[in-house]
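Just so it is clear, the model here is predicted, and its values are computed rather than measured.
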Amino acid sequence: MKLLYVIAAGAGLALTLNSCSIIQGSKYFQSSPHAVTTTKTTPAQPVKPVADAAPAQTAKPAEPVRTAKPAAPAQTAKPATADNSKNVVANNKADNNKVVNNTAVNEKTANKADNNKSGNKKKGKKGKGGKGKTAKTGPAGTLVPELEIAKAVAGEWAITAAGTMKISRDEDMPYICFVPDENRFYGSDGCNVLNGIYTVEGKTMTFRNVLATMRYCPGNDFEQKINAVVCDDNVVTLTMTRHKDRMVLDFRDSAGHKVLTLTRHNMDFINGYWFVKTVYGKSVKDEEANIFIDVNEQKIHGNTGCNYFNGNIHIDAANPGNIGFSGMAVTHMACDKGDQERNMLLALEDTASAKDAGDGTVKLYDHHGREVIVLQRGDVPGIGR
């Protein structure tokens, strides 16, 4: 008997899902590839769909946008466009220490002479690093001409009010920084990082391609108010006023209602080279005791008459007039001016506010409003003012 051997091979079927990058807000989610291989004997049966596999989607190409670390998502931001992906959220100084360095000061005392003239009764909670109270606007100030607003808006502004709600915090103060050369902005609503594009035409500002991280921050009552203003295609009317010690920028809606108030320091008067005239009321007759202050770079350096020193400057935009010095590094040359040097460095450490006396001098005060240093403007050796 002739045996016939028949070998039947089952048809092999393999299904592989490719990984897909999906952009949602400022965070990228990477789906894990799924590979399913099913082997059946002839005839082949239909392959069941993989339960957890989703159709592959193609996201619009975009360069990665680096954002602050998000927590539980609360809302979904618009996908970034290729151009907007160049927004370097890292530039937002994510630690926000620059914005919120509350060297709070009792300005009511420190600026008493100026306040009596202007009627601007500013207040601040005493104590370095204490909770700074938002300064009242006071007099109307000088209105910045419409043609100058686009340039004058440049820089970092603290958001001190959302509608009628005043904002005052120890940390994570909301802010916006405008970069006119690139028509871009970045900032924080007090919880999440914001960035996007803006344009200024006359007195109107338009926001576009706005992105935000999605952290959940309970107890933030003004976050939604800020996001309702700084959002895609929203148009606001700008009013900018210049005061002696600060700039104020108001955003108004189409009905003329004030929706955001932003404040920026106006401390340029303290920039430059200074001789130390008095320390704690005691006269200093030493041309070697000098200080150079650079507000833009937030640096201070100088000479105690014995040793060189340098450090950092902190300005609280939400509390005009506030300034502090920290991180002082000093050389260690021995000399016979030990008392002068010690008092000078202590006075700088105690400084919490500054005021232009209007006679070529600037006075520095501690957080109790007591005068600690008087500076006399001088010429930089070999350069001039």
Side-chain angles (χ1 to χ4, degrees), residues 92-112 114-115 118-139 141 155-177 187-194 215-230 239-241 243-252 257-267 313-324 326 351-355 365-369:
N92 66 3
K93 311 174 187 71
D95 56 2
N96 290 334
N97 289 333
K98 178 180 175 184
V99 180
V100 192
N101 190 355
N102 285 306
T103 0
V105 61
N106 189 340
E107 285 188 283
K108 180 178 178 181
T109 304
N111 294 319
K112 185 176 180 181
D114 181 58
N115 291 340
S118 65
N120 184 8
K121 298 180 180 178
K122 299 185 289 292
K123 294 182 180 180
K125 196 151 186 173
K126 66 181 180 179
K128 264 191 174 183
K131 188 173 182 179
K133 227 177 182 179
T134 303
K136 294 182 179 179
T137 301
E156 189 172 291
W157 299 78
I159 303 175
T160 53
T164 58
M165 182 186 294
K166 301 294 182 181
I167 301 173
S168 180
R169 314 187 84 189
D170 287 331
E171 57 184 18
D172 292 334
M173 189 73 176
Y175 74 97
I176 301 179
C177 185
S188 168
D189 59 15
C191 173
N192 283 288
V193 173
L194 307 171
R215 292 175 57 198
Y216 173 63
C217 300
N220 188 336
D221 298 329
F222 49 81
E223 177 187 0
Q224 295 301 322
K225 292 180 179 290
I226 294 174
N227 290 334
V229 177
V230 186
T239 303
M240 186 184 297
T241 52
H243 300 259
K244 186 174 182 180
D245 55 1
R246 69 196 185 285
M247 301 283 286
V248 177
L249 178 62
D250 292 323
F251 288 0
R252 297 179 183 273
H257 299 135
K258 192 183 296 184
V259 290
L260 285 184
T261 299
L262 298 85
T263 306
R264 186 177 68 194
H265 72 80
N266 188 16
M267 299 288 285
I313 299 174
H314 303 284
I315 296 175
D316 183 1
N319 293 278
N322 287 17
I323 188 169
S326 67
T351 297
S353 68
K355 186 180 73 172
Y365 300 88
D366 65 14
H367 63 275
H368 295 297

ask   = Is there a side-chain contact between Val248 and Thr160, using heavy atoms and a 4.5 Å cut-off?
value = no
query = Looking at Glu156 and Tyr175, what are the two nearest heavy atoms and their distance?
reply = CG-CD1, 3.8 Å
query = When rounded to the nearest 0.5 angstrom, what is the spacing between CE in Met240 and CZ in Arg264?
reply = 6.5 Å
task = Hey, could you give me the CD1/CE distance between Ile315 and Met267, rounded to the nearest 0.5 Å?
result = 5.0 Å
ask   = Rounded to the nearest 0.5 Å, how far does CG of Leu262 lie from CZ of Arg246?
value = 13.5 Å
ask   = What's the shortest heavy-atom distance between Ala352 and His367, and which atoms?
value = CB-N, 3.7 Å
request  = Kindly compute the distance separating OG1 (Thr263) from CE (Met173), expressed to the nearest 0.5 Å.
outcome  = 7.5 Å
message = Measuring only between side-chain heavy atoms, which start at C-beta, is Asp189 closer than 4.5 Å to Val230?
response = no
query = Which atoms form the tightest heavy-atom contact between Pro174 and Gly190, and what is the distance?
reply = CB-N, 3.8 Å
query = Which atom pair, heavy atoms only, marks the closest approach of His243 to Thr241?
reply = NE2-OG1, 3.3 Å
inquiry  = Please report the interatomic distance CD1(Ile167) to CD1(Ile226), rounded to the nearest 0.5 Å.
reply    = 4.5 Å
ask   = Can you tell me if Arg215 uses its side chain to pair, donor with acceptor, with the backbone of Cys191 under 3.5 Å?
value = yes
message = Would you say Thr261 and Asp250 are linked by a side-chain donor-acceptor pair, where the criterion is simply a distance under 3.5 Å?
response = yes
key: side-chain contact (heavy atoms from CB on, under 4.5 Å) between Leu260 and Ile159, intermediate numbers included   = CA-CA 7 Å; Leu260 285 184; Ile159 303 175; 4.0 Å; yes
query = Can you name the closest pair of heavy atoms from Tyr216 and Pro218 and give their distance?
reply = O-CD, 3.6 Å
query = Just how far is it from atom OG1 of Thr351 to atom OH of Tyr365, taken to the nearest 0.5 Å?
reply = 11.5 Å
